[in-house]
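Notes follow once the structure below has been shown.
Here is the naming used below: chain letters follow the sequence lines, and residue numbers restart at 1 for every chain. Everything numeric here is computed off the predicted structure, so don't read it as measured data. The basis for the numbers below is simple: all heavy atoms, side chains too, and nothing from hydrogens, waters or symmetry mates.
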Number of protein chains: 2
Amino acid sequence: MTTTTDRADAATAFDPGGTGHAGHAETGWDRRKRATRTALRYAAVALVEERGLSGVTVEEIAAEAGVSTRTFFNYFPTKEDAVIGWEPSAIAELVDHLLRRPDHERPVEAVRHTLAEVILPGDGDYRALLRRLQVIRSDHHLVAHYVLRFGDTEQALVAALAQRRGTDPATDRYAALVAASVLAASRVALMAWCEDEGRVPLGEVMAEHLDMLGAGLPEPTEARR
Amino acid sequence: MTTTTDRADAATAFDPGGTGHAGHAETGWDRRKRATRTALRYAAVALVEERGLSGVTVEEIAAEAGVSTRTFFNYFPTKEDAVIGWEPSAIAELVDHLLRRPDHERPVEAVRHTLAEVILPGDGDYRALLRRLQVIRSDHHLVAHYVLRFGDTEQALVAALAQRRGTDPATDRYAALVAASVLAASRVALMAWCEDEGRVPLGEVMAEHLDMLGAGLPEPTEARR
DNA sequence: TATGCAGCTTTCACTCGGTGCAACATACCC
DNA sequence: GGGTATGTTGCACCGAGTGAAAGCTGCATA
């Protein structure tokens with residue numbers, strides 16, 4: 001019901017200055033690729049929202065986006081990744097930000113600020129994020145895959161933290177612990193924000209959770225928190 | 001190299017009182033099933049250790065264990081699960097233990113004790129656990145799958161914690177946060193223990209990590225911790 | 001000991017996810 | 001305008017995973 005035609009040829013329909021916020025002169029190829037990627041993500045979310053993950057095949061998503069099945073796999077390694085909107089560049093960006101944080105900052109704070117800068121969509125497109133999270137939450141398999149991608153992020157963060165601290169990422173337990181627990185808390189915060197349908201600003205929800213983590217998980221006094 | 005024949009017909013070769021520590025009268029079927037399960041796990045770990053995850057097919061694992069491919073899938077939902085030794089019963093057991101912890105115990109402590117009781121192999125078979133963890137760590141895909149199963153465990157823990165606290169598991173953020181971060185810390189501890197090749201007792205490593213978490217992740221003072 | 005039942009294993013057929021490769025199309029640059 | 005880099009497609013293929021029906025195995029009866 002949702003679509004079927006409106007996005008059919010998104011691969012060739014160039015984005016008319018829509019989400020474009022790319023600084024350095026974008027070539028035609030880049031535009032085309034971004035359009036295809038967006039179309040695939042959009043199609044994936046829409047179809048899965050409608051029929052559930054197992055009710056949709058990659059072939060259908062590709063068709064909906066107006067590209068071949070093979071092309072789908074040129075953009076996303078798995079069906080799930082198209083739904084959760086996985087971007088390989090996101091991890092690199094995260095690491096980049098983390099390495100730029102001031103040296104005096106403690107690891108937990110550095111990671112915290114980094115996440116705040118990177119996860120929260122600067123363009124204010126919280127609606128899309130919320131919708132995607134709702135679709136993810138609706139399917140156990142998608143949640144699992146989401147957690148899995150957090151795992152990838154975690155590995156990258158450990159490497160970056162270790163670099164910051166001048167330690168060996170393979171043996172720096174503190175870095176591993178910080179990355180794992182802060183990411184876990186962030187994930188829970190995202191889910192809570194989603195559960196709440198975005199009424200409380202995401203930044204606040206994140207801060208709340210990370211504060212609790214930083215305080216050693218004290219049991220909330222008031223009932224129902 | 002490792003095997004090829006020694007375990008070939010483990011499905012029919014009954015376990016001669018080996019790992020058997022089942023209290024309530026075990027029927028022949030149970031013995032047979034346990035033997036098959038063990039053979040599959042063993043074959044999976046051995047073959048993957050030898051050739052890597054992608055160098056081994058389910059068909060080969062099944063053949064090595066002396067059963068058909070279809071039977072493999074009657075025991076494990078995925079190839080990865082056979083390697084990581086996933087047991088659906090483990091989660092139930094975890095929940096069970098958690099619900100039996102004394103009421104006055106704070107959530108973090110309750111989860112902590114539960115994990116200590118369930119994760120640590122009572123029969124002292126740390127060698128097998130260590131080997132399995134080493135195989136898992138050697139492959140990114142296996143690590144991801146391992147994290148994924150921790151995610152399943154997490155959901156079960158949240159439900160159990162919420163029940164304990166008399167809250168709604170869907171909205172109890174504190175339960176979600178505790179489950180997620182404690183499990184994350186435990187996972188990191190397991191990996192650290194493995195990295196260390198089991199020289200320091202697992203229980204100690206776990207305690208160290210959970211203490212750090214409970215203290216709010218203070219930056220270790222001494223260099224290299 | 002024979003017989004029936006229950007539960008496990010196997011075979012078969014099939015769908016779908018995912019990848020490598022070679023041919024084709026498109027945008028860019030000279 | 002022609003060459004080149006890059007993106008897209010079709011094709012062939014492999015392996016994971018599932019459903020269903022038939023066969024086998026152990027157990028509990030008479």
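Here dT26(C) presents its P atom at 17 Å from NZ of K33(A), a figure rounded to the nearest Å. Rounded to an integer number of Å, the gap from R31(A) CZ to dT26(C) C1' is 14 Å. As rounded to whole Å, 9 Å separates atom P of dA16(D) from atom CD of E80(B). In this structure, L53(A) places its CG atom 14 Å from P of dG17(D), rounding to the nearest Å. What separates CD1 of I61(A) from P of dC16(C) is a distance of 13 Å, to the nearest Å. Protein atom CG of D81(B) is 12 Å distant from nucleotide atom C1' of dG17(D), rounded to whole Å.
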Any protein N or O atoms within reach of nucleotides 28-30 of chain C? Criterion: under 3.5 Å, listing atom names and distances.
from, atom 1, to, atom 2, distance (Å)
dC28(C), OP1, T27(A), OG1, 3.4
dC28(C), OP1, G28(A), N, 2.4

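Separation of atoms CE (M191(A)) and CG (L133(A)) is listed at 6.0 Å; rounding is to 0.5 Å. Note that the OH atom of Y75(B) and the CG atom of D81(B) stand 15.5 Å from one another [nearest 0.5 Å]. Between the CG atom in L161(A) and the OH atom in Y174(A) there is a gap of 8.5 Å [rounded to 0.5 Å].
Ring pair F150(A)/Y146(A) is perpendicular by interplanar angle, where above 60° counts as perpendicular and below 30° as parallel.
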Dump the intermediate steps for salt bridge (charged side-chain N to carboxylate O under 4.0 Å, His left out) on D30(B) and K33(B), then the final yes or no. CA-CA 5 Å; D30(B) 294 336; K33(B) 281 178 72 175; 5.8 Å; no
What verdict does the salt bridge (charged side-chain N to carboxylate O under 4.0 Å, His left out) test give for E87(A) and R41(A), after you've listed the backbone C-alpha separation in whole Å, the side-chain angles of each residue and the deciding distance to 0.1 Å? CA-CA 11 Å; E87(A) 306 282 339; R41(A) 280 181 25 169; 2.7 Å; yes
With salt bridge (charged side-chain N to carboxylate O under 4.0 Å, His left out) as the criterion, how do R173(A) and E195(B) come out once you've worked through the C-alpha distance, each side chain's angles and the decisive distance to 0.1 Å? CA-CA 10 Å; R173(A) 300 174 181 195; E195(B) 167 72 30; over 6 Å; no
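For the segment residues 137-152 of chain B, no residue has any heavy atom less than 4.0 angstrom from an atom of DNA chain D. Near-neighbour residues of DNA chain D inside residues 70-77 of chain A, defined by a heavy atom below 4.0 Å, number-ordered: R70(A), T71(A), N74(A), Y75(A).
Of all heavy-atom pairs spanning V143(B) and R137(B), the tightest one is CG2-CA, 3.9 Å.
Listed by first then second residue, pairs satisfying salt bridge (charged side-chain N to carboxylate O under 4.0 Å, His left out) with a partner in residues 180-190 of chain A read R187(A)-E154(B), not counting sequence neighbours.
Listed pair K79(B) / dG15(D) fails the phosphate criterion, with no side-chain N or O lying under 4.0 Å from OP1 or OP2. Between R32(A) and dG7(D) there is no side-chain polar atom (N or O) within less than 4.0 angstrom of OP1 or OP2.
T69(A) comes within contact range of no nucleotide atom at all, as no heavy-atom separation falls under 4.0 Å.
With dG10(D), dT26(C), dG17(D) as the candidates, the nucleotide lying closest to the side chain of S68(A) is dG10(D).
Remark: K79(B) does not engage E60(B) in a salt bridge, criterion side-chain N to carboxylate O under 4.0 Å. Between E80(A) and R149(A) there is no salt bridge, since no side-chain N of the basic residue sits under 4.0 Å from a carboxylate O of the acidic one.
At least one donor-acceptor pair closer than 3.5 Å links the side chain of H209(B) to the backbone N or O of V205(B). Between the T36(A) side chain and the R32(A) main chain, a donor and an acceptor come within less than 3.5 Å of each other.
End-to-end axis angle of the helix from dT1(C)-dA30(D) to dC30(C)-dG1(D), using five pairs per end and rounding to 10°, comes to 10°.
For the salt bridge (charged side-chain N to carboxylate O under 4.0 Å, His left out) test, no residue two or more places apart in sequence or in another chain qualifies with E59(B).
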